[in-house]
Structure formats: structure tokens, C-alpha cells
Amino acid sequence: MFGEQWGKGAISQGRWKGVPLRTLLELSGLGEGAKEVVVEGYDYGNRTDLDEVYTYTRSLPIKKALHPDTIIAYEYNNRPIPFKHGYPLRLIVPQWYAMASVKWIKQISVINSKFNGPFQTIDYVYYPNKDNDLDAYPVTTININSTIQKPLDMEFVNTGKHLIRGIAWTGKGVITKVEISIDGGYTWRKADILPSKNIGYGWVSWSFEWTILEKGEYTIKSRATDSFGQI
């Protein structure tokens, strides 16, 4: 086994402050043939599959690099970025999974070809075919998802009224609907999306009032829909 074994997953959010990557690129001058922006971090290590030492390096297509909210961050939650989060400078790529947000930035390059580093062509890659690497493509935009925070998995609760709570998020568009199933996905009912100030790229919270009439074992499921129709 290799890589980070996240189990059921991990998610967090915070407030980042920095300079738009676009500003730096415009000041340095972009040639007409520019295709990708390569960001290299100071962290490096041996790869057993390639028998070489590689720095953690990934690229962004020019369009994403020029997105006004793609930034070189120097603050996290109104304080200088902690070392473990990429001090002193870290790339932040909105709407994409965090592996695109390179920590401890060492160098930024603009290239007129396709970047083929191992952290973009081997790791953090979708492999549609189980038997070969054909049509493989890198992980980028966050998929729509939701999770149940309360009740906990395998929790014992009494009959009566209970509030099911959770969060939902998407990398493209905004969350427009959350539904809950109490019977393992056979039927679905609409949950309430809770009002929030300045959501930006963050998750939304939701709740559903559940009345348990009979004792037994229940499987609760949640599903979210976004403004692009993704479920």
C-alpha cells in the first residue's frame, strides 16, 4: 500500500488570503504559446516506482491559473500560514481538490507543452479502465458530495424526534437541494439547507427532522444536488 490512507476521508475549510497568481503572471509577461503553469514545492522524496527523487510539482492549465481566486496565499485564518499548511507561500486553487494547492512554493514556471510529472500522471489520477492506463486523467474539480454528521454511525438513539445534521459541497456551482433517506435509499425526503453568510467556496449545512416511531435498525443516506444538475 502507498499514499495517504484516509479511510472514510477527510475534509476541512479555512479562510485564505494572498495575491492572485494572475497578477504575478501578468507582471512577468505571458507569451501567446503559454499552455500551463507549473508550481514546484520544496518537499521531495524517493519514488519506489521510478527509482528517483522528485519534488512535489503540479501544473494548472492557463485558464485555471488566471482564475481571479487562484492565489498565492500567505495567510490562513487571518494569521501567517503555519508550516504544516505550506509556510511561507502556498498555492490555493478554488473548486479543485487540495492536492492541486502546492505547499511550500519553490518555483513557478510557464510552459508551452503538457506537464507530465508523476504527481499528475501517476498519483492523483482517475483510471477508468481496471486493466490498463488508457484514458487516465488527473484529479481536478471537486465532485459533489454530502456527509451525515449526526447521528453517528452505529449510534443508539431513542424513539421520538431527532435532528439529522450534515454538510454538502460541490466544486462546480452551488448546492441547491439535499435529500435524506431513512430506508436505505428506497424513498427520499427533502432536507432543509441552513442559511449561511458568505458561503463562497465552502460547504453548506443542512438538517432534517426525523421522527422515529418504531424500534429497529435504520440506514440513513444523504444525497445532494447542485446548480449543474450533478447528484
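Please read all numbers here as calculations on a predicted model, not as lab measurements. Keep in mind that the numbers below use all heavy atoms, side chains included, and drop hydrogens, waters and symmetry copies.
Atom CZ of R165 is surrounded by 12 or fewer heavy atoms from other residues, nucleotides or ligands within 6.0 Å. Atom OH of Y87 has 12 or fewer neighbouring heavy atoms from other residues, nucleotides or ligands inside a 6.0 Å radius.
The closest donor-acceptor contact from the side chain of K221 to the backbone of W188 lies at 3.5 Å or more, if one exists at all. Not a single donor-acceptor pair under 3.5 Å links the side chain of E36 to the backbone N or O of V110.
Counting only N and O atoms by type, the side chains of D135 and Y126 include no donor and acceptor under 3.5 Å apart.
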| request: Would you please test T141 and Q95 for side-chain hydrogen bond (donor to acceptor under 3.5 Å, both in side chains) and show each step? | output: CA-CA 6 Å; T141 306; Q95 303 168 318; over 6 Å; no
| Test side-chain contact (heavy atoms from CB on, under 4.5 Å) applied to F119 and R47, step by step | CA-CA 11 Å; F119 296 104; R47 289 189 63 95; 3.4 Å; yes
| field | Chi angles and distances behind the side-chain contact (heavy atoms from CB on, under 4.5 Å) call for L66, L30 | value | CA-CA 11 Å; L66 295 177; L30 275 177; 4.0 Å; yes
| message | Go through it in stages, so that I can follow the logic: the residues are Q120 and S59, the test is side-chain hydrogen bond (donor to acceptor under 3.5 Å, both in side chains), and I'd like the CA-CA distance, side-chain angles, deciding distance and then a yes or no. | response | CA-CA 8 Å; Q120 196 153 315; S59 74; 2.8 Å; yes
| query | I72 and L91: side-chain contact (heavy atoms from CB on, under 4.5 Å), yes or no, with the steps? | reply | CA-CA 5 Å; I72 303 299; L91 179 67; 3.9 Å; yes
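By the 4.0 Å N-to-carboxylate-O rule, E75 lies too far from R79 to be salt-bridged with it. Checked for salt-bridge contact, E179 and K190 miss the test: no charged N lies under 4.0 Å from a carboxylate O.
In this structure, Y218 has its ring center under 6.0 Å from that of W210. Ring to ring, Y56 and W104 are not that close: their centroids are 6.0 angstrom or more apart.
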